[in-house]
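Here is the structure we will look at.
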2 protein chains.
Amino acid sequence: MLISEFAKATGLPVDTIRFYIAKGLLKPDRGLKGGSNPFQLFTPEEVTVARMIRLQQTLGYTLGEIRALNDEYRAGAHSPERTLEVLQLQIERLQHRKAALDAALTFLHGKVEWIRSGRTGPAPQMEDDQR
Amino acid sequence: MLISEFAKATGLPVDTIRFYIAKGLLKPDRGLKGGSNPFQLFTPEEVTVARMIRLQQTLGYTLGEIRALNDEYRAGAHSPERTLEVLQLQIERLQHRKAALDAALTFLHGKVEWIRSGRTGPAPQMEDDQR
DNA sequence: TATAAGTGTGGAGTGTACTCCATGGTAAAG
DNA sequence: CTTTACCATGGAGTACACTCCACACTTATA
């Protein structure tokens with residue numbers, strides 16, 4: 001698909017997509033159309049890659065870190081062991097993130113309870129999650 | 001406590017704390033010491049506020065949005081209803097975030113399974129979470 | 001009382017992630 | 001063949017969140 005269709009599929013602005021390509025996060029093929037500056041062609045797999053990038057961003061990774069991770073992932077694409085390792089790493093980070101989120105939810109629920117019960121006792125504190 | 005102790009308690013650099021104060025995210029009192037530029041004094045409650053700020057940041061909020069939320073929270077500090085409303089809002093956003101995280105985890109686990117079973121069938125795709 | 005350490009203020013500089021624009025080439029529709 | 005839409009490239013500009021001074025003043029220490 002062409003860049004505008006890719007933009008629709010991912011919800012990303014065309015400029016952002018080009019920015020990601022410049023940063024090495026996406027590597028579309030070049031088609032036959034476009035003459036001297038051939039048009040870039042995107043696969044449906046790259047749509048998933050793009051969504052993964054957005055997710056990783058929400059996890060606090062910089063585009064540089066995401067690129068490194070994804071490059072490593074691609075490099076080991078033919079080694080199931082390595083691929084699984086990278087996936088496992090991602091999963092662990094997500095779970096760590098989820099734990100922090102749960103801690104925050106516990107804190108907020110605790111605070112709600114504390115207020116409902118007339119603010120008796122000390123206000124709930126939040127633990128340091130030293131991300 | 002003084003700013004350097006607050007820095008230790010929160011793990012934030014002194015410069016960042018001052019930056020947050022300038023942005024209106026933290027509002028320490030002024031003590032008697034310090035002459036013309038009185039020293040700022042922080043309470044243990046503000047340590048929790050600072051941790052909450054960091055958490056909100058990891059959820060993708062800008063400092064401006066965090067400030068707005070916290071200001072509203074403080075504004076309704078004497079109205080339990082409003083306070084509970086704001087807390088409820090925070091809780092909902094966190095839960096929404098958690099749902100997106102769970103979707104990503106499902107995707108990753110699915111991918112692990114897909115690889116383990118010899119990449120039979122189509123590769124798992126990730127849904128759009130339109131955050 | 002000298003001196004080191006801590007504090008406040010103002011402003012400049014940095015890295016990240018876009019976002020916008022001008023220019024020029026290519027493609028599809030009528 | 002012209003008009004309209006789409007594409008690529010390069011570079012400038014922007015918003016955000018710090019981060020790093022320089023300077024002046026205050027406090028604690030020897």
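Chain identifiers are assigned alphabetically (A, B, ...) following the order of the sequence lines, protein sequences preceding nucleic acid strands; residue numbering begins at 1 within each chain.
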Whole-Å distance separating the [atom1] atom of [X] from the [atom2] atom of [N]:
X	N	atom1	atom2	value
B/F39	D/dA28	CZ	P	8 Å
A/F6	D/dA8	CZ	P	12 Å
B/N37	D/dT27	CG	P	11 Å
B/L32	D/dT26	CG	P	14 Å
A/M1	D/dC7	CE	C1'	16 Å
A/F19	D/dG11	CZ	C1'	14 Å
B/L25	D/dC16	CG	P	13 Å

Item to check | First encountered from the 5' end of DNA chain D, between B/G34 and B/T62 | outcome: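 Here B/T62 is the residue nearer the 5' end.
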Should [X] be listed as having a side-chain N or O under 4.0 Å from OP1 or OP2 of [N]?
X	N	value
B/Y20	D/dC18	yes
A/Q40	D/dA8	yes
B/Q57	D/dC16	no
B/R18	D/dC21	no

Grab the two heavy atoms, one from [X] and one from [Y], that are nearest each other, plus how far apart they are.
X	Y	answer
A/V47	A/F6	N-CE1, 3.6 Å
B/A50	B/T10	CB-CG2, 3.7 Å
B/R67	B/K27	NH2-NZ, 4.1 Å

Checklist entry - Counting only heavy atoms not in A/K33, do more than 12 fall under 6.0 Å of its NZ? => result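 No - once you tally the heavy atoms of other residues, nucleotides and ligands closer than 6.0 Å, there are 12 at most.
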Checklist entry - When you check the gap from the basic side-chain N to the acidic O, do A/E85 and A/R82 get nearer than 4.0 Å? => result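 A salt bridge is present here (some side-chain N lies under 4.0 Å from a carboxylate O).
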Checklist entry - Under a criterion of less than 4.0 angstrom to any heavy atom of chain A, what are the 5'-terminal and 3'-terminal contacting nucleotides of DNA chain C? => result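 In short, chain A contacts DNA chain C from C/dA17 to C/dA28.
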Checklist entry - Once you round to the nearest 0.5 Å, how far does NZ of B/K111 lie from CG of B/L108? => result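 Here the interatomic distance stands at 8.5 Å.
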Item to check | Touch class at under 4.0 angstrom, heavy-atom based, for B/K23 against every strand present | outcome: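 No contact.
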Checklist entry - Any side-chain donor paired with an acceptor under 3.5 Å for B/Q90 and B/Q56? => result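 Checked: B/Q90/B/Q56 side chains pair up, N/O donor to acceptor below 3.5 Å.
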Item to check | Nearest-nucleotide 5' precedence on DNA chain C, B/D15 against A/D15 | outcome: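 Closest to the 5' end, via its nearest nucleotide, is B/D15.
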